[in-house]
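Order of the sequence lines fixes the chain letters, A, B, ..., with proteins taken first and strands second; residue numbering starts at 1 for each chain. Owing to the predicted nature of the structure, the values given are computational and were not obtained by experimental measurement.
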There are 2 protein chains.
Amino acid sequence: MNTRAEPASLHQRILSDISEKILSGVWAPGHRIPFEHELTAEYNCSRMTVNKALSQLAKAGLIERRRRSGSFVRQPHSQAAILEIHDIRTEVEATGLPYHFERVSRLKRRSSAEDRELLGLDAAGAVLAVECRHFAGKRPFCQEKRLINLSAVPEAEDEEFLEISPNPWLVGHVPWNAAEHRIRAMAADEDVASALDITAGSPCLVVERRTWNAERPVTQVRFIYAAESHELVARFAPSQG
Amino acid sequence: MNTRAEPASLHQRILSDISEKILSGVWAPGHRIPFEHELTAEYNCSRMTVNKALSQLAKAGLIERRRRSGSFVRQPHSQAAILEIHDIRTEVEATGLPYHFERVSRLKRRSSAEDRELLGLDAAGAVLAVECRHFAGKRPFCQEKRLINLSAVPEAEDEEFLEISPNPWLVGHVPWNAAEHRIRAMAADEDVASALDITAGSPCLVVERRTWNAERPVTQVRFIYAAESHELVARFAPSQG
DNA sequence: GTCGAAATTATGTATATACATATTAAGACG
DNA sequence: CGTCTTAATATGTATATACATAATTTCGAC
């Protein structure tokens with residue numbers, strides 16, 4: 001009945017056994033799962049091993065542990081979902097169409113007030129503004145307008161972004177430890193409409209991303225998709241560890 | 001010297017000490033963090049305690065552990081972000097405007113093929129179709145079109161959704177353990193345009209959610225917002241355990 | 001020098017044990 | 001009957017120990 005690959009270690013097996021019972025609904029929310037000493041007997045192992053599995057399930061939010069009372073399957077209260085952010089190349093290739101991109105423009109300049117606003121920069125400094133178009137087959141898939149903070153990423157000044165698009169280049173060259181995405185709908189203005197080969201005023205999906213490294217803004221980018229060509233998927237899936 | 005709130009347990013303190021060094025950028029990606037035996041000496045504790053902290057950091061994706069070589073700060077490759085899904089009441093009240101909603105229609109029917117498609121139902125069965133409008137002040141904020149699978153939630157048949165809107169009611173009455181959100185842009189059709197008091201064809205943000213309980217579809221709902229009135233925010237934040 | 005065996009090293013997993021702590025149940029007492 | 005104390009119980013944390021495993025390095029045979 002269980003055709004999955006069995007996890008190598010015992011505590012992982014215990015964890016996955018239990019989480020499967022919960023996720024399949026065999027143990028409904030509120031159900032008391034066996035005590036540590038019962039699982040210890042069932043799996044013929046030490047309490048530490050069982051404890052490791054249960055602690056991880058608790059940290060993942062699947063169960064709640066109460067001293068003296070035992071562990072219980074939690075109500076999945078979560079209002080947070082995991083949003084998969086894919087590389088554009090990956091997104092395009094998932095449709096089966098060949099991917100390519102075009103660097104439309106690249107301009108180094110002292111940061112304007114608007115640039116600093118978009119990047120979240122306090123001080124003045126040089127920025128690099130890059131615009132690209134990404135294609136699925138022959139049709140434009142996405143317009144990219146990007147600002148790169150040159151005081152955080154001076155190496156970008158030597159990159160033309162003709163062979164490699166900004167995102168893969170940045171991922172390879174600059175570490176970052178925080179990112180924020182804002183997602184909204186927008187009517188295409190003339191600029192977007194001509195870039196995406198759609199009529200002005202038609203609906204677009206806008207994904208704006210800002211990334212930081214050690215509190216310092218690295219880059220700000222706005223991806224604009226024609227409404228028909230893209231959707232985002234976010235899942236709430238109780239984590240498995 | 002450490003003015004933060006001290007975590008209660010030793011392994012948590014080790015974990016938070018290290019993750020702070022990483023997130024603040026003191027230890028950059030690629031940096032080798034001290035060996036377990038070095039941390040053992042530094043914190044004057046057993047290897048198991050250090051191991052617990054490091055294992056959790058590894059599982060959270062902050063570090064990578066390599067046998068014989070040690071543990072290293074990982075490149076934050078993650079392309080997954082946490083999307084906050086708020087209740088509409090919360091969203092509206094965050095703008096400072098008073099919230100209210102209006103139940104437009106409520107209809108019980110045998111599921112059509114389209115209903116089953118939307119809900120992800122295999123078999124036929126009764127569904128409840130509910131339509132609402134949510135307001136921010138006097139202006140329409142969001143249109144909600146929902147299907148409820150009555151074979152999974154029979155109690156819904158006795159609820160009129162006049163006093164309480166479907167989402168809070170469902171959260172209080174039905175457990176669920178999986179959810180999927182699809183986010184896209186759309187042009188308002190006549191129906192949406194009149195519901196939101198905008199002109200047909202103007203851009204809208206669509207959030208479609210489906211939830212399951214123990215593999216069984218519970219409800220499918222489509223929230224439609226005028227482009228100006230709403231945006232979604234997703235963050236990538238390295239988890240702290 | 002090159003190849004391959006053996007030692008070294010850091011992590012991965014598991015055990016038995018100990019004591020702490022939160023929570024509930026049972027009992028004593030006014 | 002209610003309250004206070006005490007015991008019982010499940011989890012929380014930590015230790016010392018042991019052996020397994022993966023990845024290097026060392027070093028000897030050729």
Side-chain angles (χ1 to χ4, degrees), chain A residues 4-19 21-22 27 29-75 238-241, chain B residues 2 4-19 21-22 27 29-75 239-241:
Chain A
R4 285 172 302 131
E6 282 302 314
S9 65
L10 184 50
H11 71 263
Q12 270 178 42
R13 198 164 65 98
I14 299 174
L15 188 152
S16 92
D17 283 359
I18 294 174
S19 75
K21 282 223 177 65
I22 295 173
W27 289 346
H31 180 269
R32 209 210 77 220
I33 74 173
F35 296 129
E36 289 188 349
H37 70 262
E38 294 174 304
L39 292 167
T40 288
E42 183 180 339
Y43 286 94
N44 192 30
C45 66
S46 78
R47 185 166 82 89
M48 280 301 292
T49 304
V50 169
N51 184 281
K52 198 168 190 171
L54 293 184
S55 304
Q56 287 186 27
L57 285 169
K59 213 152 55 71
L62 268 187
I63 69 172
E64 186 188 334
R65 314 202 68 193
R66 288 201 284 271
R67 279 167 157 150
R68 162 84 210 217
S69 314
S71 305
F72 298 82
V73 178
R74 265 185 50 161
Q75 217 76 23
S239 63
Q240 295 262 18
Chain B
N2 205 335
R4 284 173 303 132
E6 282 302 314
S9 64
L10 184 49
H11 71 263
Q12 270 178 41
R13 196 164 66 97
I14 299 173
L15 188 151
S16 91
D17 284 358
I18 294 175
S19 76
K21 283 223 177 62
I22 295 172
W27 289 346
H31 180 269
R32 208 210 76 221
I33 76 174
F35 295 129
E36 289 187 350
H37 70 262
E38 295 173 304
L39 293 167
T40 287
E42 183 180 338
Y43 287 94
N44 191 31
C45 65
S46 78
R47 184 165 83 88
M48 280 301 292
T49 305
V50 168
N51 185 282
K52 197 167 191 171
L54 293 184
S55 303
Q56 287 188 25
L57 285 168
K59 213 153 53 72
L62 269 186
I63 69 173
E64 187 188 334
R65 314 202 70 191
R66 288 202 285 271
R67 279 168 154 144
R68 162 87 209 214
S69 313
S71 305
F72 299 81
V73 178
R74 265 185 50 164
Q75 218 75 22
S239 65
Q240 294 265 14

Pairing residues for Glu42(B) by the salt bridge (Lys or Arg N to Asp or Glu O under 4.0 Å) criterion, not counting sequence neighbours: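 Glu42(B) satisfies salt bridge (Lys or Arg N to Asp or Glu O under 4.0 Å) with no residue once adjacent residues are dropped.
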
Heavy-atom side-chain contact between [X] and [Y] under 4.5 Å:
X	Y	value
Lys21(B)	His31(B)	no
Ser71(B)	Leu57(B)	no
Glu36(B)	Arg65(B)	yes

Distance check needed: [N] [atom2] versus [X] [atom1], whole Å only.
X	N	atom1	atom2	value
Met48(A)	dA16(D)	CE	C1'	12 Å
Leu39(B)	dA14(D)	CG	P	15 Å
His11(A)	dG12(C)	NE2	P	10 Å
Glu64(B)	dA22(D)	CD	C1'	13 Å
Lys52(A)	dA14(D)	NZ	P	15 Å
Asn44(B)	dA16(D)	CG	C1'	14 Å
Arg32(A)	dT9(D)	CZ	C1'	12 Å
Leu10(A)	dA20(D)	CG	P	16 Å

Phosphate contact (dT15(D) OP1 or OP2) by Thr49(B) side-chain N/O below 4.0 Å: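 Yes, within the criterion.
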
Nearest-0.5 Å distance that lies between atom CZ in Arg32(B) and atom OG in Ser69(B):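 Going from the CZ atom of Arg32(B) to the OG atom of Ser69(B) covers 9.5 Å.
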
Phe35(B) versus Gly70(B), closest heavy-atom pair with distance: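 Between these two residues, the closest heavy atoms are CE2-CA, 3.7 Å.
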
Base versus backbone protein contacts along nucleotides 5-11 of chain C [heavy-atom cut-off under 4.0 Å; B, S, -]: ---BBBB

